[in-house]
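Inspection log for the structure reproduced underneath, given as structure tokens.
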Amino acid sequence: MGRPNDEVAELFQEFADLLSITGEAAYKVRAYEKAARSIAGYAEDVSTLDLKGLRQIPNVGEAIAKKILDHRETGTIRQLEAVRAKIPAGVRALTAIPTLGPKKALVLYEELGISSVDELAEAIPAGRLEGLKGFGAKTEENILHGIELMKRAGDRVLIDVAMEVAEEVVAALSPLAERCEYAGSLRRSRETIGDVDVLAAAADSAPLMEAFAALPLVSEVIARGDTKTSIRTTKGLQVDLRVVPAESWGAALQYFTGSKAHNVRTREIAVRAGLKLSEYGLFDVESGELVVSATEEEVYERLGLPWVPPTLREDGGEIDAALKGTLPRLVQLADLRGDLHSHTDLTDGIAPLEEMVAAAAAQGWEYFAITDHAPNLFMQRMTDEKMLAQREAVHALGERHPGLTLLHGTELNIDADGEVDWPEEFLSGFDICVASVHSLFTQDRETMTRRIVRAVENPGVHVLGHPTARLIGRREPVDCDWDAVFEACARHHTVVEIDAFPDRLDLPADLIRRALRHGVRFSIDSDAHATGHFANLRYGVGTAQRGWLTPDDVVNTWPLERLRDYLGTG
DNA sequence: GCCGTTTTCGGCCCGACTGTTTTCAGTCG
């Protein structure tokens with residue numbers, strides 16, 4: 001269920017959303033949103049803090065601190081319950097539709113009684129919105145497209161949500177099993193996860209099934225048997241537990257990891273060798289005898305293949321590469337020597353510079369770049385003076401962390417024409433500049449391509465940040481001639497970012513493979529807005545692996561000197 | 001509701017874009 005901070009933060013975020021729907025003053029709504037973000041990003045566990053300790057959290061004052069204590073004692077927040085009674089949860093869900101905010105959601109609820117996304121999806125084609133003030137044809141179209149975008153993600157969840165559940169289940173069951181691991185699309189590090197598959201090896205499955213069904217995160221047991229039990233979590237995610245004998249572990253793990261297409265290929269290879277591969281093992285067809293099944297390695301080996309990393313098992317050429325012995329040595333989390341994209345509370349981060357740097361030092365990195373937003377993202381209120389003052393602070397801090405080289409950078413805004421915030425002269429004062437698209441996501445392909453290529457060609461720009469600007473389940477990637485962009489990146493030594501945020505994972509894996517063909521180099525960046533966000537790098541690494549990247553392809557696995565040479569900042 | 005070398009009130013993330021509107025409201029970053 002996550003750490004107590006996340007639960008409390010979610011309650012205040014819900015409170016803020018509901019207040020904004022009821023038309024509460026914007027500053028009040030923002031106060032709760034800011035508090036929610038601060039609580040989520042706060043290093044200490046809120047459930048252990050007293051009133052004084054809680055008030056130390058930025059943006060948490062008397063009123064919010066008391067609500068946290070109330071919640072701890074009574075399990076609820078009175079004011080939240082009151083507004084929940086007025087606004088159904090489904091109305092809040094409407095605001096998750098892109099282009100539909102709190103004001104429109106309230107109109108739909110009050111005028112038409114619509115209180116769910118499904119109801120709205122039916123009401124529009126039925127013409128029920130016609131004549132409703134503020135809802136023209138284009139608005140209806142945008143809403144339907146937004147719903148479509150959400151539906152396409154379907155019941156799938158982002159990888160971090162699934163990972164949290166999977167790790168909780170594995171941790172709870174491991175003491176009862178000889179082996180226990182999550183498999184399926186999560187093990188392959190897909191960007192969204194439909195359901196979580198957990199595999200355990202044990203002689204007797206009963207205690208595992210019992211413990212699994214009794215976990216606190218279980219809201220419903222869907223099916224329960226000797227070899228498989230399925231549950232639904234309180235948040236609606238399905239988790240399947242399969243228990244196999246230890247001698248079948250390897251075959252079962254291989255089978256339940258998938259993908260289906262990869263398994264089809266491995267089974268074909270088995271058939272041609274007179275073998276049969278199933279979740280129970282690799283068998284000799286003639287004798288029916290078990291050949292191997294205890295580990296994945298021996299299953300693959302008996303098929304004449306090296307072990308294939310799960311992130312490659314998509315039937316995307318990995319079988320041929322395995323047969324030829326040309327599987328890449330994939331980049332690992334431990335290969336990273338630094339992070340090239342992060343924020344502090346000078347702009348929209350949560351943590352002060354000192355805390356971000358201390359947390360980066362604790363990662364054991366060799367270098368770390370602070371890249372707060374530049375002035376053209378107006379809401380961040382950046383100025384030249386603030387940026388230069390931060391640079392001084394960064395230099396001073398560097399002396400306190402001798403093992404860690406601090407890079408002072410910025411995240412520039414790529415404007416409509418591909419220009420960025422500052423002239424080259426000012427840019428040259430930074431150690432590293434990330435440049436990203438933050439607006440005008442719907443430009444046509446030609447305009448967008450010209451725009452991004454121009455930014456990439458700017459000698460002051462070193463990294464193209466979250467290149468497609470997609471938000472998984474919420475915003476489409478921008479339309480762009482990526483081959484033209486990658487070609488320009490390779491030519492100008494502009495690094496292409498893999499932003500590790502779970503709702504971005506941008507550049508996506510399919511485009512990484514395409515970029516690789518152009519000789520592009522990549523950086524796997526946290527885009528951290530809080531110290532806890534460095535943990536997201538594992539998802540960035542998973543995405544990089546799905547793109548077949550080796551450490552040599554990823555600049556932040558390089559020593560700083562080589563990185564500087566490549567960027568031309570040495 | 002939070003915050004403060006403006007310190008107990010009066011500000012608070014500002015501006016662009018979109019669609020609808022007939023002069024601007026809603027949404028987003």
Side-chain angles (χ1 to χ4, degrees), chain A residues 11-13 15-39 42 51 54-68 70 77 79-80 83 94-108 129-146 149 343-350 372-383 386 411-417 419 421 435-443 447 465-466 469-471 474-476 478 499 501 503-504 506 527 529:
Chain A
L11 288 175
F12 286 121
Q13 183 59 53
F15 193 46
D17 290 349
L18 293 175
L19 289 181
S20 76
I21 294 169
T22 61
E24 189 65 64
Y27 58 80
K28 199 163 172 181
V29 172
R30 267 208 304 277
Y32 280 106
E33 286 176 340
K34 276 158 69 179
R37 281 209 311 274
S38 294
I39 291 164
Y42 200 61
L51 186 69
L54 289 169
R55 295 205 52 183
Q56 296 296 309
I57 305 172
N59 304 307
V60 172
E62 177 91 13
I64 290 181
K66 281 188 171 161
K67 285 186 176 69
I68 297 174
D70 266 6
I77 298 172
Q79 295 90 335
L80 175 60
V83 67
L94 294 180
T95 64
I97 302 169
T99 72
L100 203 163
K103 296 294 187 292
K104 284 194 162 66
L106 186 65
V107 170
L108 290 168
L129 273 61
E130 276 166 33
L132 198 60
K133 199 171 55 180
F135 291 81
K138 187 69 186 170
T139 298
E140 289 190 354
E141 195 183 303
N142 288 342
I143 291 173
L144 284 175
H145 182 248
L149 205 62
H343 298 271
T344 74
D345 63 0
L346 185 62
T347 56
D348 58 353
I350 307 268
D372 270 313
H373 289 289
N376 290 358
L377 214 58
F378 299 99
M379 66 178 191
Q380 307 296 350
R381 303 189 133 189
M382 180 53 74
T383 61
K386 280 158 89 173
E411 182 179 11
L412 301 163
N413 184 56
I414 301 175
D415 77 8
D417 306 313
E419 288 289 302
D421 305 64
S436 325
V437 167
H438 295 108
S439 61
L440 294 159
F441 305 107
T442 55
Q443 285 179 329
T447 311
H466 48 72
R470 71 165 177 176
L471 292 175
R474 286 189 292 146
R475 185 167 68 217
E476 303 273 17
V478 298
D499 187 308
F501 247 84
D503 63 347
R504 288 195 185 269
D506 187 9
D527 195 1
H529 287 64

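Since the model is a prediction, treat every value here as computed from it, not as a measurement. First the proteins, then the strands, lettered A, B, ... as listed; each starts at 1.
dT6(B) and dT22(B): their P atoms are spaced 46 Å apart (whole Å). Distance noted for atom P between dT8(B) and dC17(B): 40 Å (whole Å). Spacing between dC13(B) and dT5(B) at atom P, rounded to whole Å, works out to 16 Å. Rounded to the nearest Å, the gap between the P atom of dT20(B) and that of dC28(B) is 15 Å.
Between the side chain of Arg470(A) and the backbone N or O of Arg504(A) there is at least one donor-acceptor pair closer than 3.5 Å.
Screening residues 15-31 of chain A for side chain to side chain donor-acceptor pair (under 3.5 Å), with sequence neighbours left out, gives Gln13(A)-Asp17(A), Asp17(A)-Arg92(A).
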> What does nucleotides 18-29 of chain B look like as a protein-contact string, B for base, S for sugar-phosphate only, - for none, at under 4.0 angstrom between heavy atoms?
Replying inline: -SS-----SSSB
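For the ring pair (Phe, Tyr, Trp, His ring centres under 6.0 Å) test, residues two or more places apart in sequence or in another chain that qualify with His529(A) are His343(A). Partners of Thr139(A) by side chain to side chain donor-acceptor pair (under 3.5 Å), not counting sequence neighbours: none found. For the side chain to side chain donor-acceptor pair (under 3.5 Å) test, residues two or more places apart in sequence or in another chain that qualify with Ser38(A) are Asn59(A).
Protein atom CD1 of Ile39(A) is 14 Å distant from nucleotide atom P of dG1(B), rounded to whole Å.
Candidate nucleotides dG1(B), dC2(B), dC13(B) were compared by shortest atom distance to the side chain of Tyr32(A), and dG1(B) ranks first.
Of the nucleotides present, dG19(B) is the one that pairs with dC24(B) by Watson-Crick or G-U wobble criteria, both distances under 3.5 Å.
Across Ile143(A) and Phe135(A), no two heavy atoms sit closer than the pair CD1-CE2, 4.0 Å. Looking at every heavy atom in both residues, Ala105(A) comes nearest to Thr95(A) through CB-CG2, 3.8 Å.
Remark: Glu62(A) engages Lys66(A) in a salt bridge, criterion side-chain N to carboxylate O under 4.0 Å.
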Report each atom pair, protein N/O against N/O of nucleotides 4-12 of chain B, whose distance is under 3.5 angstrom.
none

